[in-house]
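Notes to accompany the following structure.
The first residue in the sequence is number 1, and the count goes up from there.
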Amino acid sequence: MLPAEITMSDYSRKKISDIREGDIIIGLEHKKPNRMMLVPQKVKKVWTKENDDCVNLSYGNEAITCSKEHKVYSTVSHRYNYAKNMNMNN
């Protein structure tokens, strides 16, 4: 499996393990339920597996491991949910 990469504000790519607090990345800003914009966002906190319990989420061929408190955007409900509350229906 290839290491996950994050898109930086200058549209270069950086391994997620190299992201540091204060880096500027490209994130999503949700204007309306079906309207999102790519915008520069400052990294507020860097999380490591050693710091928290993990939850594994998968959808089709994609999978991520994140903290239970990580917010994940649902294209079904059009809102953010905490990873610990996610299931295949939201």
Side-chain angles (χ1 to χ4, degrees):
M1 185 159 102
L2 296 174
E5 291 187 332
I6 301 296
T7 303
M8 305 306 291
S9 61
D10 64 357
Y11 290 92
S12 63
R13 307 282 288 172
K14 194 174 194 181
K15 289 192 305 187
I16 197 166
S17 59
D18 293 337
I19 296 294
R20 300 290 177 253
E21 190 173 312
D23 283 350
I24 307 296
I25 63 170
I26 294 295
L28 290 176
E29 183 177 294
H30 302 276
K31 295 288 188 182
K32 297 179 182 177
N34 294 320
R35 187 174 175 100
M36 295 177 267
M37 293 177 58
L38 295 174
V39 296
Q41 295 180 336
K42 189 176 197 176
V43 175
K44 297 176 185 173
K45 183 178 178 183
V46 176
W47 173 82
T48 61
K49 290 181 186 180
E50 294 79 28
N51 295 343
D52 205 349
D53 291 329
C54 299
V55 62
N56 297 309
L57 300 175
S58 62
Y59 183 78
N61 293 330
E62 301 294 326
I64 64 168
T65 301
C66 59
S67 74
K68 292 179 181 180
E69 300 304 316
H70 188 84
K71 289 185 177 180
V72 180
Y73 187 76
S74 168
T75 57
V76 175
S77 65
H78 301 290
R79 63 185 176 89
Y80 280 96
N81 297 296
Y82 288 106
K84 66 183 175 185
N85 299 328
M86 294 294 291
N87 61 50
M88 293 303 289
N89 298 319
N90 63 4

Determine whether the side chains of Ser74 and Arg79 contain a donor N or O and an acceptor N or O closer than 3.5 Å.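 There is no such pair (donor and acceptor under 3.5 Å, judged by atom type) between the side chains of Ser74 and Arg79.
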Roughly how far, to the nearest 0.5 Å, is the [atom2] atom of [Y] from the [atom1] atom of [X]?
X: Ile19; Y: Ser17; atom1: CD1; atom2: OG; answer: 8.5 Å
X: Ile64; Y: His70; atom1: CD1; atom2: NE2; answer: 5.5 Å
X: Ser12; Y: Glu5; atom1: OG; atom2: CD; answer: 9.5 Å
X: Lys71; Y: Met86; atom1: NZ; atom2: CE; answer: 13.0 Å

Close side-chain approach of [X] to [Y], heavy-atom, < 4.5 Å:
X: Val55; Y: Lys84; value: no
X: Ile26; Y: Leu38; value: yes
X: Leu28; Y: Val39; value: no

Could you tell me which non-hydrogen atom of Pro40 sits nearest to which non-hydrogen atom of Ser9, and how far apart they are?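 Here Pro40 and Ser9 meet closest at CB-CB, 4.3 Å.
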Common cluster, [X]/[Y], ILVMFWY with side-chain heavy-atom separation under 4.5 Å:
X: Tyr11; Y: Met37; value: no
X: Met8; Y: Ile16; value: yes
X: Ile24; Y: Val43; value: no
X: Val46; Y: Ile25; value: yes

Quick check: are there more than 12 heavy atoms from other residues, nucleotides or ligands sitting under 6.0 Å from NZ of Lys42? no
Atom OH of residue position Tyr82 - does it have more than 12 heavy atoms of other residues, nucleotides or ligands inside 6.0 Å?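 No, because the 6.0 Å sphere around OH of Tyr82 holds 12 heavy atoms or fewer from other groups.
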If the threshold is 4.0 Å, N to carboxylate O, is there a salt bridge linking Glu21 and Lys44?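 Looking at Glu21 and Lys44, the cut-off is not met.
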